[in-house]
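Naming: A, B, ... by sequence-line order, numbering from 1 per chain. This is a predicted model, so every value here is computed, not measured.
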Amino acid sequence: MKKFHLLWILTAFLLWSCTEKDNTRPSEEIKIISLTASENPVKAWDTAVITVEATGDNLQYNWEANHGNFRGGGKQIRYGAGECCVGLNTITCRVSNSSGEVSDTIMIRVTSYFDPKNK
Amino acid sequence: MLKINAFLISSSLLFFIIADKTSAQCCSSGNPFISDAEHPALQSQVLTSSLTYRYSHSSQYFSGDSRFSDLPFKETSYSNYADLQIGYGITNWLTLQAGVGYFFNKTLTTAGLDPYKGFGLGDAELSLKFNAYTNPEKRFSISPSLGVKLPIGVFDQEADHVQLPITVQPSSGSFKYTGNVFISKGIGKKMAVAAFLAYEYSQLIESDNFFYKYGDQWIGAVYFNFQAGKRLGADIQFRNEYRAKSTREHNEIVDATGYNVIFFTPQLTWAFKHNWYLSAYSDIPIYKYYNGIQMSFGYSFSARLTKKIDFIALKAYQKSKNYDVLLRQ
């Protein structure tokens, strides 16, 4: 019986561990004015500078991408991706403060290092 | 039997409930393969517990089977990783195994730039190993196994509010289902050969703006074991790891994924008193083929400490000890 209880505790732990948590609330106070990239498309291992312009007080900027890497932080960031991330990638910028959060996305195409158009 | 049924029901329930609730990202493959972890199924009421430490290092990009040196930067990737595995023989034909990995660091350095560093829990693993056939006289056994890897670890780690690259995220972010078979045959008193074949299927990761599926993985290995002394064992392993290409949004195949690597893994194991074992081994790639351009596997060193407890033998020993005490009285 003890083993059975242990199994359910383990199951509950795994369920808790694997559940997505989203505690953010939308903000009426923050407005994203623009989200732009210096280059698009970008060759694999080259970089593009992505800039977000937003209004609001004490803003914090979070950056995510489904494929690719970032360098830097704040309202301007450098985005690059290797050959594994060739394709149309989504970069998400979340801007937040104590009032909540808003987000916007920009699509950047990463082309192959071997793509003849890049040469 | 009731216990086994309870386990199977709850495990199945678990898979169905959590199968679509992972957050999403791409390109990493989670815990590394622990290359000396395969053994025949355990006997009833035998417990093994192993703690493995592994250092791995990579610094070369490969395209096809050759080194690719045209990139205008130098990157190095290394990690310090620990893996805890527990196995228990529920019956003589069924062994339950569980494991979890932890990355002390998973670091990517680029010359002249700040390194990316991720750390934390990797994936967990649950598996059932069956003693399909065993012949103690001929020292021959066949042990198939079924399992699942659960992405319980960190997959969206950030530094200064900026998401870290997927290559340094500790978890793979994907449920993986595994099936394998381990065959072992003793030759004479001091030698054994073994073969291992494993298949891993990764579940599609799907969310609002993300769609990614790791390619299927096949691992085939041949082991040669030699008992060099009463306490010293030596193993030589040749292992082929093949991973197919991944797919992403719109079922697009990701060309620069998937590989075929052959490893040579020498290993030494020292058996201490009271069923403690210490192993040291290294994974050395002797052939590498990577699709597109990819960071290739460099080398790894591992040390593994294992404790084995045979509860039936332990009870018998304690019983005989009590009997001796009674006799003396």
So B:Y61 and A:W45, would you call those rings parallel, tilted or perpendicular, with 30° and 60° as cut-offs? perpendicular
Hey, mind stepping through B:V162 and A:Y61 against side chain to side chain contact (heavy atoms under 4.5 Å, CB included) and telling me if it holds? CA-CA 8 Å; B:V162 178; A:Y61 303 90; over 6 Å; no
Would A:R94 and B:H161 count as a side chain to side chain contact (heavy atoms under 4.5 Å, CB included) if you check the C-alpha gap in whole Å, the side-chain angles of each, and the deciding distance to 0.1 Å? CA-CA 10 Å; A:R94 291 188 286 116; B:H161 311 294; over 6 Å; no
Inspect the surroundings of [atom1] in [X] and state if more than 12 heavy atoms from other residues, nucleotides or ligands are less than 6.0 Å away.
X      : atom1 : result
B:D70  : CG    : yes
B:I253 : CD1   : no
B:F119 : CZ    : no

Under 4.5 Å heavy-atom distance to chain A, tell me which part of B:S63 shows up: side chain, backbone, both or neither. side chain
Enter the distance from B:H250:NE2 to A:L88:CG here, rounded to the nearest 0.5 Å. 7.0 Å
Going from CG on A:N69 to OG1 on B:T167, what distance comes out if it is rounded to the nearest 0.5 angstrom? 6.0 Å
Going by the rule salt bridge (Lys or Arg N to Asp or Glu O under 4.0 Å), which residues pair with B:K245 if we only count those two or more places apart in sequence or in a different chain? B:D255
Any idea which of B:L71, B:D114, B:D160, B:V254 has the most non-hydrogen atom pairs under 4.5 angstrom with chain A? B:L71
Should B:E249 and A:N66 be marked as a side chain to side chain contact (heavy atoms under 4.5 Å, CB included) after you check the CA-CA gap, both sets of side-chain angles, and the distance that decides it? CA-CA 10 Å; B:E249 295 86 352; A:N66 61 348; 2.9 Å; yes
Quiz: residues 76-86 of chain A side-chain donor-acceptor pairs under 3.5 angstrom, not counting sequence neighbours:
{"from": "A:Q76", "atom 1": "NE2", "to": "A:T51", "atom 2": "OG1", "distance (Å)": "2.9"}
{"from": "A:R78", "atom 1": "NH1", "to": "A:T47", "atom 2": "OG1", "distance (Å)": "2.9"}
{"from": "A:Y79", "atom 1": "OH", "to": "A:H67", "atom 2": "O", "distance (Å)": "2.6"}
{"from": "A:Y79", "atom 1": "OH", "to": "A:N89", "atom 2": "ND2", "distance (Å)": "3.0"}
{"from": "A:E83", "atom 1": "OE1", "to": "A:Y113", "atom 2": "N", "distance (Å)": "2.9"}
{"from": "A:E83", "atom 1": "OE2", "to": "A:S112", "atom 2": "OG", "distance (Å)": "2.6"}

Taking B:L113's backbone N and O only, do any of them form a donor-acceptor pair with A:R71's side chain (distance below 3.5 Å, no angle check)? no
